[in-house]
Amino acid sequence: MTRRQLLRHGAWFGSAVVLTVGGGEIVSHLVGSGHQQTATGPGTLSIVQLSDSHLGFRGAANTDVTGSFSRAIERVNSLDSRPDFVVHTGDLTHLATPAQFDQVKQMMTGLRTGQVHTVPGEHDAIDDAGQKYRSAFGAGSRGDGWYSFDAKGVHVIALVNSLNLKKLGHLGADQLDFVRKDVAGLSSDTPIVVFSHIPLFALYPAWGWGTDDAVLALSYLRRFASVTCLNGHVHQLFTKTEGNVTFHSATTTAYPLPHPGDGPAPAPVTLPAGRLRQALGIRDVTYKRGSGSPVVRDRDLA
């Protein structure tokens, strides 16, 4: 991306992403930017992704993370139709305190949706390998908090790759075995949606933006016609397609991070006040099963 694109993408915090799955087509867009229509109809699955709310963060990059997360929730609730469920792809909190977990849980009860599903980020497991996270959000999950479910013919898998960190994200043998067994009995035409905190592709390994054993996990999914992997962690939008697998990295509701390689480390970026206007633009990503790559369209609305 150019510097201008980075600044635009960095200003997209306090937002959420809507993903609709229907008829073999996956479409995503940011809410709150004038593009409020969501696909509806029998068999269409509507998912909203929130990520990296970092409740408890204190810094110049965002002095009111509670307010920006509240605005994201308001935008979700303003959609023309209620999503089937909302996923939060980790770093719900900044310091993993019981009070921060309680705050984010209470705030998400205000979402107008059928269900809310979460996975932990590394900030949700700072001092206890995710035990406080699982006490708050781990009901019905396995191991470190992974699980799966079905919704309108789509199989959804929640993975945890942010707890046993050396540098890159890590799934581990038990979770890999779970994925293998979980999809073994599914038909190859079943749409698959996977969500995790850290990307399942090597976005920028020098900063830990990747998962060291993701290749094996993805090998169990290659036979499926349509696989969509959602992640947070990087605080900006990226889309990558490898064959039948499309990866979407989500924006944040807290603070922007620099473009990969722009600086020595992914530290919070403090933008000029004029850059913090919400909804500076919108990215529409359309992925059709069997197509080579998503069609990405950026447009300014400001």
Side-chain angles (χ1 to χ4, degrees), residues 8-9 11-53 55 65-90 92 104-119 149-154 156 158 191 193-195 228-232 235-237 239 246 248-254 276-288 294-302:
R8 287 180 54 219
H9 285 218
W12 278 339
F13 71 87
S15 191
V17 176
V18 176
L19 182 81
T20 56
V21 185
E25 182 178 10
I26 298 172
V27 179
S28 72
H29 68 267
L30 286 170
V31 302
S33 302
H35 191 140
Q36 294 294 88
Q37 296 299 312
T38 57
T40 59
T44 298
L45 179 68
S46 177
I47 308 168
V48 167
Q49 181 187 6
L50 293 165
S51 198
D52 295 270
S53 48
L55 291 193
V65 291
T66 299
S68 56
F69 190 50
S70 293
R71 288 190 292 275
I73 292 173
E74 290 171 1
R75 290 178 172 186
V76 174
N77 291 342
S78 71
L79 291 169
D80 61 300
S81 60
R82 192 177 83 160
D84 292 292
F85 59 87
V86 172
V87 299
H88 192 302
T89 46
L92 296 94
V104 71
K105 191 170 188 176
Q106 290 301 317
M107 292 179 71
M108 289 197 297
T109 61
L111 284 163
R112 296 172 187 163
T113 182
Q115 297 177 330
V116 177
H117 299 281
T118 66
V119 289
F149 60 95
D150 295 292
K152 293 186 176 180
V154 177
V156 184
V193 172
V194 181
F195 66 98
T228 301
C229 298
L230 309 176
N231 67 266
H235 290 215
Q236 54 200 283
L237 300 177
T239 297
T246 299
H248 293 300
S249 290
T251 185
T252 172
T253 71
L276 299 185
R277 291 178 302 166
Q278 296 172 348
L280 289 182
I282 187 167
R283 164 180 280 193
D284 297 324
V285 181
T286 301
Y287 173 69
K288 292 186 177 181
V295 177
V296 180
R297 300 183 299 277
D298 284 313
R299 71 170 185 243
D300 286 313
L301 297 180

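Predicted model, so just to flag it, every value in this text is computed and none were measured.
- Contact check for Q236 versus S249: no side-chain heavy atoms found under the 4.5 Å cut-off.
- Taking each heavy atom of Q49 and T89 in turn, the nearest pair found is NE2-OG1, 3.0 Å.
- Side-chain contact annotation: S46 with D84, donor-acceptor N/O pair under 3.5 Å absent.
- Between atom OG1 of residue T109 and atom CE of residue M107 there is a gap of 9.5 Å, rounded to the nearest 0.5 Å.
- Taking both residues in full, the closest heavy atoms of G232 and S51 are given as CA-OG, 3.3 Å, listed atom of the first, atom of the second, then distance.
- A heavy-atom distance below 4.5 Å is found between the side chains of L79 and V48.
- The minimum heavy-atom distance between T44 and K152, with the atom names listed, is O-NZ, 3.0 Å.
- Between S68 and V65, the closest heavy-atom pair is OG-O, 3.1 Å.
- Between L50 and L111 there is a side-chain heavy-atom pair separated by less than 4.5 Å.
- With sequence neighbours excluded, the residues satisfying side chain to side chain donor-acceptor pair (under 3.5 Å) with S53 are H88.
- Judged as a side chain to side chain donor-acceptor pair (under 3.5 Å), and not counting sequence neighbours, T113 has no contacts.
- When the side chain to side chain contact (heavy atoms under 4.5 Å, CB included) test is applied to Q115, the partners found at least two apart in sequence or on another chain are F85, H117.
- The line from OG1 of T239 to NE2 of H248 is 5.0 Å long, rounded to the nearest 0.5 Å.
- To the nearest 0.5 Å, atoms CG (L45) and CD1 (I47) are separated by 4.0 Å.
- The distance from atom OG1 of T118 to atom CZ of F195, rounded to the nearest 0.5 Å, is 7.0 Å.
- Residues L55 and T66 approach most closely at CD2-CA, 3.9 Å, considering heavy atoms.
- The side-chain heavy atoms of V86 and M108, taken from C-beta on, include no pair separated by under 4.5 Å.
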